[in-house]
Amino acid sequence: MHLCLLHYDTCTSLCKDNMACCSSLLRLMILPVAFAVLVIASVAHGAVVEHTFNVGNLSISRLCQPEMIITAVNGQLPGPTINVTEGDTVVVHLVNESPYNMTIHWHGVFQRGSQWADGPSMITQCPVGPSGNYTYRFNVSDQEGTLWWHAHISFLRATVYGAIVLNPRAAAPFPAKPDAEHVVLLGEWWNANVVDLERMAFLTGIPARNADAYTINGKPGDLYNCTAANQTEVFRVRRNETHLLRIINAALNTPLFVKVAGHGFTVVAVDASYTTPYATDVVVIAPGQTVDALMVADANATASPGGRFYMAATPYDSAVPSGPPFSQTTATAVVEYVGEADDAVPPVLPARPDYNDTATAHRFWSNLTALVLPGKPTVPLAVDTHMFVTVGLGVSDCQPAQLLCNRSAPPVFSSSMNNASFVAPTAISLLEAHFSNASAGVYTRDFPDTPPVVFDYTGDESDNATMQFTTKSTKVKTLRYNETVEMVLQNTRLIAKESHPMHIHGLNFFVLAQGFGNYDEATAAPLFNLVNPQERNTIAVPTGGWAVIRFVANNPGMWYMHCHFEAHIEFGLAMVFEVLDGPTPETSLPPPPADLPRC
């Protein structure tokens, strides 16, 4: 009330007797003050962690190829780790010295009160152009564990990525206190300019080729045909110590199996959410996901007299009957025992799953459950909105901007959700259009709750030209603040069945159930886990199957939901949730920062 009185003279002098104008102007004047008060209150117990990200060219060689120029942050591959404590405020000054447009997404960070910092190009911001800069500011309250950051434009996240370590203020609820920890960033490497690959894929409508190698912390390891130095990451351990592995899949298009010869894991968190401790000898991780796993250095000494064990990352190819070509290779790092290692003895290699081992992948992903803790969110029991959403591949007509598309041939590769193939705007970001009440000509609020037709979603007979065809649009689903949504994600047989890693920005969700075939509510609903379902921001929907997720739309803004295969985002496997303001300034979208990039 005092804020309104303080600004009343300014408001009336500018708007005269137009009360609608006055109301809007007051909102713009009051919200920044209210937001500042909110931020000060929420970070009173935290520090400010500040970084400068200089994005520019880096000359580098991999796989014994001549040096090539990649785009990287601060001359590093991977980029710097952001290490914070719960409650801290992160300030990152992005300075774009690269020749490309750039944005950074803070994958899994809620961005409550800092929605303009989320980062996906043309969803929450226009990109930062060459020689431009932008400062990302956000708080990391109520989140602990491992997240990550990456470019969210073109294919640039192939080399522009890094870890976010969210330390708890109190001891983490692990079954054992780790003696040390290691970031394990999994990636893909191309002996090519990834921006050119993405551009040609879009222009022609033909997906880009597969990667040349997989990497662990930017290095491919020993099993590729290359003997150059510094190509293999080394993790040094001491016998009987417990090590926390913060595993992140930053690969563009490939889920991965991770094993360490002679060792097992205890999974304690996924996507910065604690899990009931889960013992396993393999971690399965889709692009976008993170896994925190404890590993005890207790390998049988006779199993490797050289005290060295390979960590191996191999691809999981879920496509049925077949998908695009993929690199049937293995990235390796070395787990080396201090005081026992003998470089003359080759490391031991673990037995690796078959590339198409869906049974192992499903067993890992479906057996995880949440560690329910006092004061932490629990699954909502009442549902306001039910959605049934197909996710899969298809074809569409050439777009006007696809200048190299063969318009005399059949339709080109596409992908969609509920047969709506998403196209991002080009002149204004969705969040700016939403904030300015300027949606006309930018987006429509008619993303469907169900597919346009009911069919045998996973049956071979459904894979025909009629069912494959989709159209391009920019559709969003509008939700009230605090609305509870239950969504069935149903994979389809169109083109191929495949496990799609579906990610939602700005929100976590609970995974109630997952299975294979067509979703049947009568048989699935009794299996819902409403006690301790895993909480995630990215779920790998089973290939030729379904998953049921539930979430509360408690964060106003425009939140991108998309497949985390970069090849599929490019061709439209995405949509956006438009979450309306709540009843208070603290639950409303604040105005954009002064340095928000312009298109």
Side-chain angles (χ1 to χ4, degrees), residues 49-58 69-82 89-109 111 113-139 147-164 193-199 202 250 252 401 423-436 442 505-506 557-560 562 566 569-570 574 576 589-599:
V49 178
E50 195 162 4
H51 287 261
T52 296
F53 277 17
N54 290 304
V55 182
N57 291 339
L58 173 64
I69 301 297
I70 66 169
T71 303
V73 173
N74 296 353
Q76 300 174 224
L77 179 68
T81 294
I82 295 178
T89 294
V90 178
V91 178
V92 178
H93 306 285
L94 172 63
V95 180
N96 188 8
E97 299 170 347
S98 82
Y100 308 114
N101 287 340
M102 181 59 59
T103 71
I104 301 292
H105 170 52
W106 316 95
H107 185 111
V109 175
Q111 301 292 0
S114 54
Q115 292 88 338
W116 301 95
D118 190 46
S121 177
M122 303 312 300
I123 308 300
T124 61
Q125 67 167 96
C126 298
V128 179
S131 301
N133 58 79
Y134 178 46
T135 297
Y136 292 94
R137 295 179 176 86
F138 54 89
N139 184 256
L147 295 174
W148 64 300
W149 58 265
H150 60 83
H152 212 304
I153 185 169
S154 183
F155 281 5
L156 283 163
R157 75 173 178 87
T159 55
V160 178
Y161 62 90
I164 303 176
N193 183 308
V194 293
V195 174
D196 292 345
L197 287 175
E198 182 273 335
R199 187 62 182 158
F202 173 75
L252 260 64
V423 179
T426 57
I428 184 174
S429 75
L430 292 180
L431 190 59
E432 290 176 274
H434 164 80
F435 180 80
S436 304
V442 181
H505 291 224
M558 300 293 273
W559 302 115
Y560 207 14
H562 60 84
E566 209 68 32
I569 303 175
E570 178 73 15
V576 170
L589 176 67
D595 64 338
L596 187 73
R598 301 300 174 194
C599 290

Worksheet item: So, does Arg157 use its side chain to make a donor-acceptor pair with the main chain of Leu252 at under 3.5 Å?
Response: yes
Discussion item. Quick one, His505 and Pro120 - any side-chain contact, counting heavy atoms below 4.5 Å?
Written reply: yes
Practice prompt. Please step through side-chain contact (heavy atoms from CB on, under 4.5 Å) for the pair Leu596 and Arg598, ending with a clear verdict.
Written response: CA-CA 7 Å; Leu596 187 73; Arg598 301 300 174 194; 4.2 Å; yes
Discussion item. Over 60° means perpendicular and under 30° means parallel, so tell me whether Tyr560 and His562 are parallel, tilted or perpendicular.
Written reply: tilted
Worksheet item: Taking the side chain as C-beta and beyond, is there a heavy-atom pair between Cys126 and Asn101 under 4.5 Å?
Response: no
Item to complete: Could you pull out the closest heavy-atom pair between Pro130 and Ser98, with the gap in Å?
Response: CB-O, 3.4 Å
Response to the item:
Partner of Trp149 under ring-ring contact (aromatic ring centres under 6.0 Å, His included), picked from Phe138, Phe53, Tyr161, is Phe53
Worksheet item: For His51 and Thr81, which heavy atoms make the closest approach, and how far apart are they?
Response: CE1-O, 3.9 Å
Worksheet entry | Side chain proximity check, Ile428 to Cys599, heavy atoms < 4.5 angstrom | no
Discussion item. Just verifying a value: how many Å separate Met558 CE and Thr124 OG1, rounded to the nearest 0.5 Å?
Written reply: 10.5 Å
Discussion item. Among residues at least two apart in sequence or on other chains, which ones pass ring pair (Phe, Tyr, Trp, His ring centres under 6.0 Å) with Tyr136?
Written reply: Trp106, Tyr134
Worksheet item: Can you tell me how far NE2 of His107 sits from CG of Asp118, rounded to the nearest 0.5 angstrom?
Response: 10.0 Å
Worksheet item: So, Asn96 side chain and Val128 main chain: donor-acceptor pair closer than 3.5 Å or not?
Response: yes
Worksheet item: Do the ring planes of His105 and His150 sit parallel (below 30°), tilted (30 to 60°) or perpendicular (above 60°)?
Response: perpendicular
Discussion item. Run the side-chain contact (heavy atoms from CB on, under 4.5 Å) test on Ile104 and Val160 for me, step by step, so that the C-alpha distance in whole Å, both residues' side-chain angles and the decisive distance to 0.1 Å come before the verdict.
Written reply: CA-CA 9 Å; Ile104 301 292; Val160 178; 3.8 Å; yes
Worksheet item: Mind checking what makes ring pair (Phe, Tyr, Trp, His ring centres under 6.0 Å) contact with His434, not counting sequence neighbours?
Response: none
Item to complete: Please report the shortest heavy-atom distance between Gly162 and Trp148, naming the atom on each side.
Response: O-CB, 3.1 Å
Worksheet item: CG of Leu431 to CG of Leu589: how many Å apart, nearest 0.5 Å?
Response: 5.0 Å
Worksheet item: Rounded to the nearest 0.5 Å, what separation is found between the CG atom of Leu94 and the CG atom of Asn133?
Response: 7.5 Å
Worksheet entry | Under 3.5 Å: donor-acceptor pair, side chain of Thr103, backbone of Gly119 | yes
Discussion item. Quick check: closest heavy atoms across Gly113 and Pro590, and the distance to 0.1 Å?
Written reply: O-CG, 3.6 Å
Worksheet entry | Donor-acceptor contact present, side-chain Asn193 to main-chain Ile69, <3.5 Å | no
Worksheet entry | Pair His93, Thr135: side-chain N/O donor-acceptor within cut-off below 3.5 Å | yes
Worksheet item: How many angstroms lie between atom CG of Asn74 and atom CG of Asn54, to the nearest 0.5 angstrom?
Response: 5.5 Å
Worksheet item: With Trp116, which residues qualify under ring pair (Phe, Tyr, Trp, His ring centres under 6.0 Å), at least two apart?
Response: Phe435
Worksheet item: For the side chain of Thr159 and the backbone of Thr71, is there at least one donor-acceptor N/O pair under 3.5 Å apart?
Response: yes
Response to the item:
All heavy atoms of Ser154 vs all of Glu566, minimum pair found to be O-OE2, 3.3 Å
Discussion item. Could you check whether any side-chain heavy atom of Val109 comes within less than 4.5 Å of a side-chain heavy atom of Leu147, counting everything from C-beta outward?
Written reply: yes
Worksheet item: Can you list the steps and then say if Val73 with Val55 is a side-chain contact (heavy atoms from CB on, under 4.5 Å)?
Response: CA-CA 5 Å; Val73 173; Val55 182; 3.9 Å; yes
Worksheet item: CD of Glu198 to CD1 of Ile569: how many Å apart, nearest 0.5 Å?
Response: 10.5 Å
Discussion item. Please give me the minimum heavy-atom distance between Ala427 and Met122, naming the atom from each residue.
Written reply: N-CE, 4.1 Å
